[in-house]
Amino acid sequence: MSTTAIFLLAILALGFLITFQIAKASEYVSILKGEKKAFEQTNKINAFLLVAFLVLGLIGVYWCNKLYFGRTLMAFPAASDHGEQIDKMMYITIAITGFTFVLTQILLFWFSFKYQHSEKRKAYYYPHNTNWEILWTTVPAIALCVLVGFGLYYWYQITGDAPKNALQVEITGKQFGWIYRYPGKDNTFGKKYFRNIDETNSNDLGLIWDDKAAQDDIVTTEAMYIIKDQPVRINIFSRDVIHDVGLAHFRMKMDAVPGTPTTMYFTPKYTTEEMKKITGNKNFEYEIACDQMCGNGHYGMKGLIKVVTPAEFVLWRAKQKPKYTDAVKPKDPGQTIPATGDTTQKTVAVANTVSAALKN
Amino acid sequence: MSDGAVLHGHPEVRTTHEVHHDEHHVHHHQETFITKYVFSQDHKMIAKQFLITGMIWGVLGGLMSVIFRLQIGYPDQSFPILEQILGRWAKGGKITADAYYALVTMHGTVLVFFVLTGGLSGTFANFLIPLQIGARDMASPFLNMLSYWFFFTASIVMLSSFFVQTGPFSGGWTAYPPLSALGDASPGSKTGMDLWITAMALFVVSSLLGGLNYISTVLNMRTKGMSMTRLPLTIWALFFTAVLGVLSFPVLLSGFILLLFDRHAGTSFYLSDIYMASTQQALPNEGGSAILFQHLFWFLGHPEVYIILLPAMGMVSEVLSTNSRKPIFGYMAMVGSLFAIAILAFLVWAHHMFVSGLNPFLGSVFVLLTLLIAIPSAIKVFNWITTLWRGNIRFTPGMLFAIGFVSLFISGGLTGIFLGNSTLDIHLHDTYFVVAHFHIVMGVASFFGMFCGIYHWFPKMYGRYLNNTMAYIHFWVTMIGAYLIFWPLHYAGLAGMPRRYLDYSSWESFNQFSDLNKFISTVAMIVFAVQLMFIFNFFYSIFKGRKVVTQNPWGSTTLEWTAPIRPGHGNWPGEIPEVHRWAYDYGKDGREFIPQTEPVNPDESKH
């Protein structure tokens, strides 16, 4: 054991010993002073401490807010339309609960202080009062109706169906990383089956190559590219255990459950570059955090979302090769997909598809 | 009757028709060490066994949090002392991810089930039910004894999982499959998980034996005159707690059994479409639903938080009233709100699953039902506050913890309104906001209820007082520490910081709280040290504490204070006292308090 550890333990033991001796001594003193007098003294001290706790506590709440509010997401605008609704809901809830918090804590500690034991006072026999009880049943009920009303209004908007023109992206969680898939030109995801997963032959998702729709699908682990101001529908899968697509800046979250596809949609409002300016952090990235305990590498299960302009998206998309080329070509050189030689022509084709999608 | 009425004033007096109780006493003296302290069937001894086992678990669970808080607070430093405690789990003084997750999981499991369910309900239901309703013991003392020994066995099995090669279970206390079902997904899901399930199954058995006993005792064995509406609120709370446990624990067990089948019998209840990268194999299971387990788990899991909280509420009501020297305000509303909470507890489980892909319409139903709980909770809070109003308050340590409980219950309850609203839950789910919320409202608040109970009934348990100075230090450090630890964590949650990460330094979005994490870890260590002081105070005072000299040291109205200072097995030497009034006649007609055993005087004012 290191010397610091021994030193710390020694201090701890000494602290205990001193406290214990004081505690024992004060017990003797209270007997000498008379139990009644000792009780009155400690009662006064504790009553004072309770009200001091209230005052310092409320100051502490203010100070804590000053210190940490700037580090929360609330200090910056939400990066998606749904996020803005969630922030509004948050402020409504903070207003109602904040008022209740301050009111009840003040009453609790103030009454404790004010009605501390005194020889002169007799406790007031007050077993019930129906009017008061009706009051504090109905007022919270009304407040809750407001919260439930707003909450469900936003909830149905957020969980509703994605608009038709939404960009389709698929994300699959695995221990411990994310795989993204885009449909190819046909704008249709190819079929997949988990028994087809073959990591050694770059088929991480188990795509069925016989399905034509799968042959032009783009599979990447680099980042998920989405477009500013265009709704994106994310189809969520998991390959092994439950993960969660946590998008703090968009205020969105959805579990990835093996065997049960889930989905979310939102419209990003700021590109990654814009968000760097808004947050004043030149390293800012939209990170995907796994928010469901998924094993011992959970804390490092990071993904990336790049929000880009439509033009940038077209460029990025043009550079992507369908997974089919890697997975099948080396094994079976005879069966290649249409020549990749004419890249310019292909880029134009992809760009057309995307801009057509955007216009819809 | 008149004969009885005389007796109540003097419980020590024995009459000739009490012969069988004398026999009882003879039997009592023949008790051996084994029957008195080990395989005891006396509810008071069983309560103490639950309490002390719970305290041992409490220290272990707290120590685990101190160790993993070291990692969160100081991710870049190494602590050689950890290698000495944890061996290869902390090579070079830095705990591994495996160890971190094992500690987090065990911290949760141990504190939720073994301390705040077994230790809290087990202790006070056993101790208070017979004493406060006026019964000699539980309906079945033998089943009651078994209940403890199943708890003990569960504890041993759970403890043994720390010593297996692959480590204890490490997939979080909620044990979601597939992670908990597949050994290849996490080392903790190998032998450690089998032991975890076994221990939990034994724990469920213990909880059912105890719960059935509590229910039948409260319903059948109340003394003469003790109608249900004259019961102290502690008993109502413990009664509802037992009902919740009996109805929900079997569902948890069924969930665990299906999990066991999935693990070892090749079934696919929870498993489907799984490819294990570690073995490069697709599993044969198809058609199962991982979400099914979550429904089964939270069908217990949510009532469980009320199983933890209700006893605390009951004891706090009792202690607040006694020490304000005033009746509890709105007794019937307090019982009604306990009942409402107990019913609603069964109807809100899916609010833990808003982002699991649950049907949004179903989600909205659960939002409504969840937020409804705020109404009975608000009634309770305002009734507690009104109980203090115009009282004549004595700040005994128990009373301080009761006031602390109300404060924490408000703080933690209000953040529940955020999380129960699905719209906000999308953002806050599985962030530190949740950690802050449930630690305040379910963790610390229930601990405050438990401390409140221990300080208040310690004189009845051991015939001695706890040391007051240490008690006050314990209260103030814990109260301040609890807020210092958990209040700022809400801000980490509002930054979207996910739970169960052992190192945030590689994240651009979540690395801004490293100074806060250091601070919290330091405070956590201080608070933990003060809990050790409390444990010391507890054991020291059992043997050396100031002796209780009066039968009713707090001036209480309830029946336990009519029993001798150190009641033997059977509780009252003479006839069991008869009850004539409710439990809260404090300050009535200018009298300090009127015990429940005193007949109603015709001149007495009505309430």
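All chains are named by letter (A, B, ...) in the order of the sequence lines, taking the proteins before the strands, and each is independently numbered beginning at 1.
In this structure, a donor-acceptor pair under 3.5 Å is present between the side chains of B:Ser605 and B:Asp589. Residues B:Asn468 and B:Tyr465 bring no donor and acceptor atom of their side chains to less than 3.5 Å of each other. Side-chain polar atoms of B:Glu508 and A:Asn281 form a donor-acceptor pair below 3.5 angstrom. If you check the side chains of A:Gln105 and B:Ser407, you find a donor sitting under 3.5 Å from an acceptor. With no hydrogens or angles considered, no side-chain donor-acceptor pair links B:Trp487 and A:Tyr68 at under 3.5 Å.
Of the two parts of A:Cys145, neither the backbone nor the side chain holds a non-hydrogen atom closer than 4.5 Å to a non-hydrogen atom of chain B. Neither the backbone nor the side chain of B:Pro376 has a heavy atom closer than 4.5 Å to any heavy atom of chain A. Heavy-atom distances place both the backbone and the side chain of B:Asp503 under 4.5 Å from chain A. Of the atoms belonging to A:Tyr154, heavy atoms from both backbone and side chain fall under 4.5 Å from chain B. Within the 4.5 angstrom heavy-atom criterion, no atom of B:Tyr270 approaches chain A. Using a 4.5 Å cut-off between heavy atoms, A:Val61 touches chain B through backbone and side chain atoms alike. For A:Lys174, no part lies near chain B; criterion is any non-hydrogen pair under 4.5 Å. Both the backbone and the side chain of B:Phe329 come within contact range of chain A, each with at least one heavy atom under 4.5 Å from a heavy atom of that chain. For B:Val381, the part lying under 4.5 angstrom from a heavy atom of chain A is the side chain only. Contact of B:Glu286 with chain A is made through the side chain alone, with heavy-atom distances under 4.5 Å. Both the backbone and the side chain of A:Gln116 have a heavy atom closer than 4.5 Å to some heavy atom of chain B. For chain B, no part of A:Thr263 is nearby; none of its heavy atoms comes within less than 4.5 Å. For A:Leu247, no part sits under 4.5 Å from any heavy atom of chain B, backbone or side chain. Within the 4.5 angstrom heavy-atom criterion, only side-chain atoms of A:Phe53, from C-beta onward, approach chain B. For B:Tyr100, no part lies under 4.5 angstrom from a heavy atom of chain A. At a 4.5 Å heavy-atom cutoff, the contact between A:Phe109 and chain B is made by side-chain atoms alone. At a 4.5 Å heavy-atom cutoff, the contact between B:Leu283 and chain A is made by backbone atoms alone. Heavy atoms closer than 4.5 Å to chain A are found in the side chain of B:Tyr176, but not in its backbone. Contact of A:Leu50 with chain B is made through backbone and side chain together, with heavy-atom distances under 4.5 Å. Interface residue B:Tyr101: only side-chain heavy atoms are found under 4.5 Å from chain A. Interface remark: B:Met276 contributes side-chain atoms only to the contact with chain A (heavy atom separation under 4.5 Å). In this structure, the portion of B:Phe536 lying under 4.5 Å from any heavy atom of chain A is its side chain and not its backbone. Residue A:Tyr153 does not touch chain B at all, counting heavy-atom pairs closer than 4.5 Å. B:Ile480 touches chain A through backbone and side chain together, each having a heavy atom under 4.5 Å away. For a residue to count as touching a neighbouring chain, one of its non-hydrogen atoms must lie under 4.5 Å from one of that chain's; by this rule A:Met301 touches chain B with the backbone only.
More than 12 heavy atoms of other residues, nucleotides or ligands sit less than 6.0 Å from atom OH of A:Tyr193. Atom CZ of A:Phe69 has more than 12 neighbouring heavy atoms from other residues, nucleotides or ligands inside a 6.0 Å radius.
Using a 30° and 60° split on the angle between ring planes, A:Trp110 and A:Phe113 fall in the tilted class, from 30° to 60°. Taking the six-membered ring where the residue is Trp, A:Tyr124 and B:Trp389 present perpendicular rings, their angle passing 60° and hence far from 30°. Taking the six-membered ring where the residue is Trp, A:Tyr286 and A:His249 present perpendicular rings, their angle passing 60° and hence far from 30°. B:Tyr501 and B:Trp507 have tilted rings, their planes meeting at an angle from 30° to 60° on a 0 to 90° scale.
In this structure, A:Leu103 CG and B:Ile410 CD1 are separated by 9.0 Å, a value rounded to the nearest 0.5 Å. A distance of 11.5 Å separates CE of A:Met90 from CD1 of A:Ile92, quoted to the nearest 0.5 Å. From A:Lys24, atom NZ reaches atom CZ of B:Arg546 across 15.0 Å, with rounding to the nearest 0.5 Å.
In this structure, A:Asn43 contributes its side chain and B:Phe395 its backbone to a donor-acceptor pair below 3.5 Å. Using a distance-only test at 3.5 Å, with no hydrogens or angles considered, no donor-acceptor pair links the side chain of A:Lys88 to the main chain of A:Phe150.
Between B:Ala277 and A:Glu199, the shortest heavy-atom distance links the atoms CB-OE1, 4.2 Å. In terms of heavy atoms, B:Pro498 sits closest to A:Ala289 at CG-CB, 4.0 Å. Across every non-hydrogen atom of A:Cys294 and A:Phe176, the tightest pair is O-CE2, 3.4 Å.
Most heavy-atom pairs under 4.5 Å with chain B: of the set A:Ile22, A:Leu152, A:Leu108, A:Thr159, this distinction falls to A:Leu108. When the candidates B:Asn537, B:Leu388, B:Leu400, B:Asn421 are compared by the number of heavy-atom contacts under 4.5 Å with chain A, B:Asn421 comes out ahead. Each of A:Cys64, A:Gly15, A:Gly246 has some count of heavy-atom pairs under 4.5 Å with chain B, and the biggest count is that of A:Cys64. Listed options B:Gly496, B:Ser411, B:Gly363 were ranked by heavy-atom pairs under 4.5 angstrom with chain A; first place goes to B:Ser411. Options A:Val241, A:Asn46, A:Ile31 differ in how many heavy-atom pairs under 4.5 Å they form with chain B, and the most are formed by A:Asn46. Across B:Thr386, B:Ile328, B:Asn467, B:Thr370, the residue that shares the most heavy-atom pairs under 4.5 angstrom with chain A is B:Asn467. Annotation: maximal heavy-atom pairing with chain A below 4.5 Å, among B:Gly172, B:Gly287, B:Ser506, occurs at B:Ser506. Contact count versus chain B (heavy atoms, under 4.5 Å) is highest, among A:Ile86, A:Asp244, A:Ile158, for A:Ile86. Comparing B:Ser186, B:Ala471, B:Ser422 by heavy-atom pairs within less than 4.5 Å of chain A, the highest count is held by B:Ser422. Taking B:Pro360, B:Gly188, B:Ser189, B:Ala529 one by one and counting their heavy-atom pairs under 4.5 Å with chain A, the maximum is reached by B:Pro360. When the candidates A:Gly295, A:Gly83, A:Pro140 are compared by the number of heavy-atom contacts under 4.5 Å with chain B, A:Gly295 comes out ahead. Interface remark: of the candidates A:Thr262, A:Asp240, A:Val148, A:Asp240 forms the most heavy-atom pairs closer than 4.5 Å to chain B.
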Next item on the list: Give the C-alpha distance, both sets of side-chain angles, the deciding distance and a yes or no for side chain to side chain donor-acceptor pair (under 3.5 Å) between B:Thr423 and B:Asp425.
Entry: CA-CA 5 Å; B:Thr423 300; B:Asp425 187 64; over 6 Å; no
Item checked: Working for side chain to side chain contact (heavy atoms under 4.5 Å, CB included), residues B:Phe513 and A:Arg71 -> CA-CA 8 Å; B:Phe513 285 107; A:Arg71 301 189 206 177; 3.8 Å; yes
